[in-house]
Chemist: 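Would you mind keeping the following structure in view while I ask a few things?
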Amino acid sequence: MRAVRVHDFGGPENLVLEEIPRPEPGPGEVLVENYAVGVLPVEWKIRQGLFKNYMPVKLPYLPGSAIAGIVAGVGPGVSDFEVGQAVFGRANKGAYAEYATALAENLAPKPEAVGFDEAATISGSATPAWVALFDNGRLEAGQRVLIHAAAGGVGLFAVQFARLKGATVLATAGPDNLAFVRSLGVEQVVDYTAGPFEEKIGPVDLVIDSVGGDTLDRSFQLVRPGGTLVSLLSPPDQARAAALGIRATDNRVEQPYPSRRLLGTIAELMAEGKVQTHIGPVFPLAQAAQAHALSQRGHGRGRIILHLAG
Ligand SMILES: NC(=O)c1ccc[n+]([C@@H]2O[C@H](COP(=O)([O-])OP(=O)(O)OC[C@H]3O[C@@H](n4cnc5c(N)ncnc54)[C@H](OP(=O)(O)O)[C@@H]3O)[C@@H](O)[C@H]2O)c1
């Protein structure tokens, strides 16, 4: 099969298109013919060798995890999927290829009303948004939540899930994305390039931060006592949180992640038109390097997709 692999850590040019054997699904695994693969920021970080300790990979490796496609085979012990079925979810051994394996528990049937490209924006984008808001952030109806990077692959889902829950949503975005974020129904969107956001936003019950660094640092002061700060990048300073009387956590997940139930819940919301995804730039598999170069700029709207078929 055609696949894009990394033989050495480094720049986007290290993503090499080649022929490798098609994987066989092992026990509990499903073989998926990929129609669309989401390009997640974590993938350029791994490619650059930034996550050698945190998420070690053995060279050469196959990047990617967020898939949507058609079941092409099932391994021993898998009885809940059949060949030809449209599915989406998280691959377990890489995804930038014509075929990928996934644990059956990390896949869900794709609703007819959700396209393959759309379905590939769920794992790694909508799923961490959900976990950050509801599992780690414990968001409740009527609360005020600040979502940073609200036009990003994670942020745009977080905004919509929070609104569905009945929360008041405040957001940050760059100048090119303000109108888009407004269209998602936020109460207030602040241009993070036009001065300190913390001077324009009042106290909130919850902050979801997928920017990190200085943005995480300046977000502590916005959380009202008793509130919560969830960081998608690094574990927040616990001493500082304790001094402010707030809860601060990284975005922990429980296994299996993403569960079929969570994938299904989100896909159903999309099928019913209650939540809309946004497809960013779309590239063929052979242009994975261009997709990574764009992803690592850290700006833009929605999820970048590698489109293979369908
Ligand atoms: N731990 C987890 O569970 C988890 C899961 C998924 C992702 N992540 C991490 O979360 C981060 C975001 O992921 P993503 O997939 O949403 O990225 P993305 O799709 O590349 O979006 C990035 C967004 O960040 C915005 N942005 C850049 N600088 C900003 C700033 N200073 N303040 C506010 N917004 C800013 C950009 O907006 P403009 O274009 O308007 O500048 C862009 O829309 C990545 O680092 C990723 O690795 C963590």
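Count residues from 1 along the sequence. Keep in mind that what you see is a predicted model, and the values were worked out from it rather than measured. Because only heavy atoms are used, hydrogens play no part in the values below, and waters and symmetry mates are left out as well, while side chains stay in.
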Chemist: Residues two or more places apart in sequence or in another chain: which of them pass side chain to side chain contact (heavy atoms under 4.5 Å, CB included) with P196?
Modeler: E198, E199, R218
Chemist: Pairs of donor and acceptor atoms involving the side chains of residues 162-180, under 3.5 Å and at least two apart or interchain, shall be tabulated with distances.
Modeler:
residue: R163; atom: NE; partner: G185; partner atom: O; Å: 2.9
residue: T172; atom: OG1; partner: H148; partner atom: ND1; Å: 2.9
residue: T172; atom: OG1; partner: A149; partner atom: N; Å: 3.3
residue: N177; atom: OD1; partner: R301; partner atom: NE; Å: 2.7
residue: N177; atom: OD1; partner: R301; partner atom: NH2; Å: 3.1
residue: N177; atom: ND2; partner: G300; partner atom: O; Å: 3.3

Chemist: Among residues two or more places apart or on two chains, list those pairs meeting side chain to side chain donor-acceptor pair (under 3.5 Å) that have a residue in residues 75-84.
Modeler: D80-R260
Chemist: With sequence neighbours left out, what residues match W44 under ring pair (Phe, Tyr, Trp, His ring centres under 6.0 Å)?
Modeler: none
Chemist: Which heavy atom of A119 sits nearest to which heavy atom of V114, and what is that distance?
Modeler: N-CG1, 3.8 Å
Chemist: Answer with yes or no whether the side chains of R90 and S65 bring together a donor and an acceptor at under 3.5 Å.
Modeler: no
Chemist: Test of understanding: with ring pair (Phe, Tyr, Trp, His ring centres under 6.0 Å), list the residues that count as partners of H307, not counting sequence neighbours.
Modeler: none
Chemist: Measure from the side-chain N and O atoms of N34 to the backbone N and O of G69, and report whether any donor-acceptor pair falls under 3.5 Å.
Modeler: no
Chemist: For V30 versus V78, what's the shortest heavy-atom pair and its separation?
Modeler: CG2-CG1, 3.9 Å
Chemist: Indicate whether the side chain of N136 and that of N251 have a donor and an acceptor atom separated by less than 3.5 Å.
Modeler: yes
Chemist: Tell me, please, which residues at least two apart from F220 pass ring pair (Phe, Tyr, Trp, His ring centres under 6.0 Å).
Modeler: none
Chemist: Using a cut-off of 6.0 Å, state whether more than 12 heavy atoms not belonging to Q255 lie near its atom CD.
Modeler: yes
Chemist: For K110 and G115, which heavy atoms make the closest approach, and how far apart are they?
Modeler: CD-O, 4.0 Å
Chemist: Which residues satisfy the side chain to side chain contact (heavy atoms under 4.5 Å, CB included) test with V57, sequence neighbours excluded?
Modeler: F9, I46, Y61
Chemist: I'd like to check the salt bridge (charged side-chain N to carboxylate O under 4.0 Å, His left out) partners of D237; sequence neighbours left out, ordered by chain and number.
Modeler: none
Chemist: Does atom CD of E272 have more than 12 heavy-atom neighbours, drawn from other residues, nucleotides or ligands, at distances under 6.0 Å?
Modeler: yes
Chemist: Give me the atom names and distance for the closest heavy-atom approach of V145 to L139.
Modeler: CB-CD1, 4.1 Å
Chemist: Taking ILVMFWY side chains as joined if any heavy atoms are under 4.5 angstrom apart, and letting links pass through other members, which residues group with V211?
Modeler: none
Chemist: What pairs with Y35 under ring pair (Phe, Tyr, Trp, His ring centres under 6.0 Å), at least two apart in sequence or on another chain?
Modeler: F116
Chemist: For R240, look at atom CZ and say whether over 12 heavy atoms of other residues, nucleotides or ligands are found less than 6.0 Å away.
Modeler: yes
Chemist: Answer yes or no: are there more than 12 heavy-atom neighbours, outside Q238 itself, under 6.0 Å from its atom CD?
Modeler: yes
Chemist: Compare every heavy atom of V190 with every heavy atom of Q188, then report the nearest pair and how far apart it is.
Modeler: NE2-CG2, 3.7 Å
Chemist: For residues 150-160, which side-chain donor-acceptor pairs fall under 3.5 Å, sequence neighbours excluded?
Modeler:
residue: Q160; atom: OE1; partner: Q276; partner atom: N; Å: 2.8
residue: Q160; atom: NE2; partner: L156; partner atom: O; Å: 3.0
residue: Q160; atom: NE2; partner: Q276; partner atom: O; Å: 2.7

Chemist: Does K274 have more than 12 heavy atoms from other residues, nucleotides or ligands lying within 6.0 Å of its NZ?
Modeler: no
Chemist: Taking ring-ring contact (aromatic ring centres under 6.0 Å, His included) as the cut-off, I'd like each qualifying pair that reaches into residues 71-111, sequence neighbours left out, listed once.
Modeler: Y96-H292
Chemist: Can you name the nearest heavy-atom pair linking G212 to D209, along with the distance?
Modeler: N-OD2, 2.9 Å
